[in-house]
Amino acid sequence: MSTADEGGLAGLDRLLRNTFEWYTVSKKEFKDAIRSKGLWLLGLIFTTAFIAPVAIALYTGFGQQGQAIQQQGMQFLLSSIYLNMVTFLLPIVAIFLGFAAISKERTSGSLKLLLSLPHSRKDVIIGKVLGRCAVLGVPLVASLAITAVFLTASELTFKPELFALFSLFTVVFALVFVAIVVSISGAFKKSLWSAAANFIVYFYFTFLWNAGANGVGNILSNELGVTGAIRWHVVLLLKLVNPNQAYKTLVRSLLGSGEAPALSARYGMFSQGQEASRTICADVLNGAPQAQEGVFGTIITCAPGSGSLPFYYSDPAVVVFMLAWIGIAASVSYYTFNLADL
């Protein structure tokens with residue numbers, strides 16, 4: 001690196017340090033992690049997890065499924081393997097990475113020393129969140145880049161735009177979970193409590209949230225008499241604000257085919273009877289419900305209608321829903337952290 005480049009980086013570092021009080025905290029978080037073998041192990045885990053499916057399929061055949069992967073290309077790989085792997089693996093990695101980010105320092109007393117410096121509690125929360133986001137984001141981006149090189153050299157048809165968007169959604173999903181985990185850490189005095197709370201949140205997001213959203217819809221219908229499109233608008237919005245479900249529907253929209261992949265992806269978040277399916281398609285998503293005979297009876301599909309998908313259900317809106325969790329989690333954590341007696 002040239003002297004000019006070093007001077008430019010030093011100037012940028014000085015500018016950020018003088019402008020943002022939280023920058024020093026986040027920089028320390030990242031530098032401490034860089035010296036840790038755990039960060040390099042994390043990068044190895046990501047790279048192995050992303051490359052292994054392609055390597056197994058290409059070099060061991062993987063049976064008939066390996067032939068299917070080569071024929072259908074990267075879409076098959078992303079939808080059948082990577083999507084479930086990311087939603088299962090990344091939140092767990094984020095928990096182990098950030099559950100003790102603040103609570104451990106509260107227990108050891110080093111947090112008092114940090115706050116004795118010119119850092120407010122808000123600076124600590126923001127710095128910790130951004131620092132841990134960088135700790136997870138750097139090895140994740142590096143592993144995705146290595147995976148892209150590997151895919152380019154493989155027999156699969158590599159589509160750079162598709163993989164770039166998938167990588168972007170994956171990084172956003174990871175950073176959202178890191179922000180949630182670190183924010184929860186700021187609300188507890190002990191790391192054990194933080195870990196327990198984080199795993200409860202992860203379990204609820206992953207396995208119970210959809211049931212809860214459907215339960216709210218049932219309460220609206222059975223107890224409050226709210227039926228029709230309003231009921232399903234509420235249920236869909238509740239589903240979309242779950243970062244896990246938001247990520248899945250974004251990727252499915254990205255990988256979808258046809259005239260309206262986003263419409264199909266949002267409609268695919270439901271599994272209801274014929275009447276409800278028609279209402280969801282026509283009155284919630286502005287689609288055109290169509291009846292098709294299947295093995296188990298009539299199936300209602302959703303084709304593009306005369307109107308477009310409402311903007312608040314579009315892919316950009318879903319990304320905003322995901323990113324909003326960073327601000328919500330940090331705000332709640334700051335409120336509880338600010339009330340805490342250290």
Side-chain angles (χ1 to χ4, degrees), residues 30 39-40 42-58 68-91 93-94 97 130 132-179 240 242-266 268-269 309 311 313-326:
F30 185 73
L39 180 65
W40 302 103
L42 193 62
L44 179 61
I45 291 174
F46 285 148
T47 304
T48 303
F50 279 107
I51 290 180
V54 188
I56 292 174
L58 292 180
I69 292 177
Q70 292 184 20
Q71 292 172 359
Q72 299 183 34
M74 200 164 55
Q75 287 92 327
F76 180 88
L77 190 67
L78 297 180
S79 62
S80 300
I81 300 178
Y82 285 168
L83 181 60
N84 292 325
M85 182 183 69
V86 166
T87 53
F88 173 76
L89 178 64
L90 277 186
V93 172
L97 185 69
L130 294 180
R132 296 289 169 142
C133 282
V135 171
L136 180 60
V138 169
L140 178 58
V141 170
S143 65
L144 287 168
I146 294 172
T147 303
V149 173
F150 189 88
L151 286 170
T152 303
S154 72
E155 297 180 9
L156 295 176
T157 301
F158 181 64
K159 300 179 180 179
E161 299 85 359
L162 182 69
F163 191 79
L165 284 175
F166 169 77
S167 300
L168 174 62
F169 294 154
T170 300
V171 171
V172 170
F173 175 68
L175 299 187
V176 166
F177 256 97
V178 171
L240 289 175
N242 177 352
N244 196 310
Q245 294 300 316
Y247 172 75
K248 285 185 175 181
T249 192
L250 280 172
V251 174
R252 285 168 180 156
S253 174
L254 174 66
L255 302 177
S257 57
E259 300 179 29
L263 171 67
S264 300
R266 305 301 172 267
M269 300 180 74
L309 182 71
F311 74 92
Y313 297 140
S314 65
D315 288 349
V318 177
V319 173
V320 172
F321 293 157
M322 289 180 63
L323 291 174
W325 275 102
I326 298 178

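All residue numbers in this chain count up from 1 along the given sequence.
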Checklist entry - Is any side-chain heavy atom of F177 closer than 4.5 Å to a side-chain heavy atom of L136? => result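 No. Closest side-chain heavy atoms not under 4.5 Å.
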Next on the checklist: Measuring only between side-chain heavy atoms, which start at C-beta, is Y313 closer than 4.5 Å to L263?
Outcome noted: no
Checklist entry - Relative to each other, are the rings of F166 and F50 parallel, tilted or perpendicular (30° and 60° limits)? => result perpendicular
Gap separating the [atom1] atom of [X] from the [atom2] atom of [Y], nearest 0.5 angstrom:
| X | Y | atom1 | atom2 | answer |
| --- | --- | --- | --- | --- |
| Q245 | M322 | CD | CE | 11.5 Å |
| T249 | N244 | OG1 | CG | 11.5 Å |
| L83 | K248 | CG | NZ | 6.5 Å |
| L90 | T87 | CG | OG1 | 8.5 Å |
| L78 | L165 | CG | CG | 11.0 Å |
| F150 | T152 | CZ | OG1 | 11.0 Å |

So which heavy atom on [X] is nearest to which on [Y], and how close?
| X | Y | result |
| --- | --- | --- |
| M269 | L240 | SD-CD2, 3.7 Å |
| Y82 | T147 | OH-CG2, 3.9 Å |
| V86 | P91 | O-CD, 3.4 Å |
| S253 | P261 | O-CB, 3.2 Å |
| C133 | L175 | O-CD2, 3.3 Å |
| L250 | D315 | CD2-O, 3.5 Å |

Item to check | Of all pairs that satisfy side-chain hydrogen bond (donor to acceptor under 3.5 Å, both in side chains), the ones with a partner from residues 158-168, not counting sequence neighbours | outcome: none
Next on the checklist: Would the distance check show the side chain of R132 and the main-chain N or O of V178 forming a donor-acceptor pair, the cut-off being under 3.5 Å?
Outcome noted: no
Item to check | Working for side chain to side chain contact (heavy atoms under 4.5 Å, CB included), residues F163 and L144 | outcome: CA-CA 9 Å; F163 191 79; L144 287 168; 4.2 Å; yes
Next on the checklist: Pair L151, L77 - check side chain to side chain contact (heavy atoms under 4.5 Å, CB included), show working.
Outcome noted: CA-CA 11 Å; L151 286 170; L77 190 67; 4.0 Å; yes
Next on the checklist: Can you confirm if the aromatic rings of F169 and Y247 lie within a centre distance of less than 6.0 Å?
Outcome noted: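 Y247 vs F169: aromatic centres not under 6.0 Å.
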